[in-house]
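A quick write-up on the structure given underneath.
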Amino acid sequence: MSTATMSYNPVPPAMRHGHSEDTDSDVESDRYTDMSLDAFAPSVASSKTSMDISMRSQSPAPSVFSVTSSLRAQAYRQEYGRGLNNYSEVYRLPADDEELDRLDRQHDMFCKAIGKYPPPMPEIMANDEFEVKAVLDLGCGSGSWIMDIAREFPNAGAVAVDLVPMQSTSMPPNCRSEVDDINLGLEHFYGDFNVVHAQLISSGIRDYQGLINHIAHVLRPGGLIDITEFPFYFTGIEKTGICPPAGTFEPPWTPLWMSYANRAVRQRGGDADASLHMHRWVCDHPAFEDAVYREFWIPCSPWLKGNDPNSLWWNDIGATMRDDVKAFMRSGRPLLLGNGLSEDFVDQLETNAAAELDEAVTPVYVCIQNVYARKKH
């Protein structure tokens, strides 16, 4: 199996690392090493979806609004002032308008900082006479990514899956939204897609290695897996994780907030460490080849010194990331409060972290990690 690792540089920054060797712990179970390509581990998940709902918008608002209005009461529940999905006890971030707006802005920032999709995608999605190309977006959020792809490749089919229906009034005609809990399995999609994309969904996934196995089945031969996650901790300028012990209440406040979110995700059953292992999981899976690992070190506020083009470029990204992190902390209130922290504690922690981000003095990074690979023919 050929594997590569690289760091992507839209401008010449000094903020990215690549690893030629996977450094995950040898203790971690490796369920695929001795498997042949035709002997994938059998899935134990159910092929049933959380809701037997599929919708397609052939024209603007009416079909979308008719579905979302009828589903809203059963699809959402209110917790701590935010609208959460009503189907998964693992994923506890909101799915309300405020969160969808955050995800739209985050999508724009990621397109600028890391690119919309990996380099092989245009070749894979090129029209040919043999099949209609198809793309699957797992945990689509606001749907910005999948709708961009549907518009860019209008002859392809695009399917968005999430715990709540997409609510766009401008869904392209070749795009549809399905309500599903992907923890229950993806058997109903096996062999149907040329590209499978997932981004920042690990907090809601119980078994990310198992999800990669499902994706291997979902992809057609030659297809592309494209997964992006982060390790649920922030780092300082030395780029090592800041993970204070439970009970800590001292700066730096932004990494401290994330450490409590990390614990809450684990308590709920989410795979908070998935980003640290997904490169090896893909490399070790017998279905994949040409695996590439990329990491993107993004400042969490515009704290870089200097007026050179590189620093100015990254400070612009950092200003957007600062707004994203502040909005993420607001979205994370149900997660932290539901994990037993007091409202006073969460309020003060969020206030301190937001002030630290606004001051833009403390160097804090988030490492966004991406792995893409091709399915063998």
Side-chain angles (χ1 to χ4, degrees), residues 50-51 68-69 71-107 139-143 162-167 179-183 199-206 229-230 232-234 243-272 300 321-358 366:
S50 301
M51 294 183 60
T68 57
S69 60
L71 289 177
R72 183 173 293 274
Q74 65 182 113
Y76 297 89
R77 69 172 180 237
Q78 291 293 315
E79 286 190 11
Y80 306 105
R82 299 299 297 268
L84 277 63
N85 83 84
N86 208 26
Y87 304 111
S88 173
E89 291 299 324
V90 182
Y91 188 77
R92 304 314 297 150
L93 291 177
D96 53 19
D97 290 343
E98 182 178 346
E99 175 68 358
L100 298 182
D101 288 343
R102 180 185 77 85
L103 294 175
D104 282 339
R105 293 190 296 270
Q106 183 189 82
H107 169 71
C140 66
S142 66
D162 211 325
L163 292 162
V164 297
M166 281 172 54
Q167 300 178 50
V179 177
D180 194 1
D181 182 354
I182 60 181
N183 285 304
Q199 180 171 290
L200 304 185
I201 65 171
S202 64
S203 66
I205 302 300
R206 291 187 181 277
E229 301 292 346
F230 84 108
F232 266 87
Y233 57 71
F234 292 146
C243 304
T248 300
F249 197 77
E250 61 185 26
W253 300 108
T254 310
L256 181 63
W257 187 97
M258 187 58 70
S259 73
Y260 282 101
N262 186 313
R263 294 185 190 93
V265 166
R266 295 173 189 276
Q267 185 67 29
R268 286 285 183 176
D271 203 340
C300 290
M321 178 58 81
R322 173 187 58 196
D323 294 341
D324 181 72
V325 173
K326 290 168 65 177
F328 182 72
M329 290 191 296
R330 293 193 296 272
S331 293
R333 286 177 59 80
L335 177 67
L336 269 58
L337 293 170
N339 199 47
L341 296 177
S342 71
E343 190 166 0
D344 287 344
F345 183 93
V346 172
D347 286 347
Q348 191 59 58
L349 179 57
E350 180 183 334
T351 297
N352 292 352
E356 180 179 80
L357 290 167
D358 287 336
V366 57

Distance in Å, Asp101 CG paired with Asp96 CG, rounded so as to fall on 0.5 Å steps: 9.0 Å
Pair Asn352, Glu356: side-chain N/O donor-acceptor within cut-off below 3.5 Å: no
Flag side-chain contact, heavy atom, 4.5 Å: Asp358 against Lys326: yes
Reported CH2-to-OG1 distance for the pair Trp253 and Thr351, which is rounded to 0.5 angstrom: 10.5 Å
Check: Ser259 and Tyr233 side chains under 4.5 Å, non-hydrogen atoms: no
Phe234 CZ to Cys243 SG distance, which is reported to the nearest 0.5 Å: 11.5 Å
Minimal non-hydrogen separation, Thr254 against Ala353, with atom names: OG1-O, 3.6 Å
Check: Val325 and Trp257 side chains under 4.5 Å, non-hydrogen atoms: no
Ring-face cation contact, Tyr260 with Arg263, 6.0 Å cut, 45° max: yes
Arg268 and Leu335: CA distance, side-chain angles, deciding distance, side-chain contact (heavy atoms from CB on, under 4.5 Å) verdict: CA-CA 9 Å; Arg268 286 285 183 176; Leu335 177 67; 4.3 Å; yes
Derivation of the side-chain contact (heavy atoms from CB on, under 4.5 Å) call for Arg105 and Asp324: CA-CA 8 Å; Arg105 293 190 296 270; Asp324 181 72; over 6 Å; no
Atom pair CG (Leu103) and CZ (Phe328), whose distance is rounded to the nearest 0.5 Å: 10.0 Å
Side chain to side chain, Val366 and Met258, heavy atoms closer than 4.5 Å: no
Evaluation steps, side-chain contact (heavy atoms from CB on, under 4.5 Å), between Cys140 and Met166: CA-CA 8 Å; Cys140 66; Met166 281 172 54; 3.7 Å; yes
Phe249 side chain near Gln348 side chain, heavy-atom distance below 4.5 Å: yes
Smallest separation among heavy atoms of Glu229 and Gln199, with atom names: OE2-C, 4.3 Å
Nearest heavy-atom neighbours spanning Val179 and Val164: CG2-C, 3.9 Å
Beyond-backbone contact of Arg333 with Arg82, side-chain heavy atoms, under 4.5 angstrom: no
Within 6.0 Å of CD in Gln78, more than 12 heavy atoms from elsewhere: yes
side-chain contact (heavy atoms from CB on, under 4.5 Å) evaluation trace for Gln167 with Leu100: CA-CA 9 Å; Gln167 300 178 50; Leu100 298 182; 4.0 Å; yes
Shortest non-hydrogen contact between Gly332 and Leu93, atoms and distance: CA-CD2, 4.0 Å
Non-hydrogen side-chain atoms of Leu256 and Glu250 separated by less than 4.5 Å: no
Heavy-atom pair of closest approach, residues Asn183 and Ile205: OD1-CA, 3.5 Å
Tyr91 side, atom OH; Asp162 side, atom CG - distance, nearest 0.5 Å: 7.0 Å
Reported CD1-to-CZ distance for the pair Ile182 and Arg206, which is rounded to 0.5 angstrom: 12.5 Å
Non-hydrogen atoms of Ser88 and Asn85 that approach each other most closely: N-OD1, 2.7 Å
Short N-O contact, Glu99 and Arg92, less than 4.0 angstrom: no
Side chain to side chain, Arg102 and Ser331, heavy atoms closer than 4.5 Å: yes
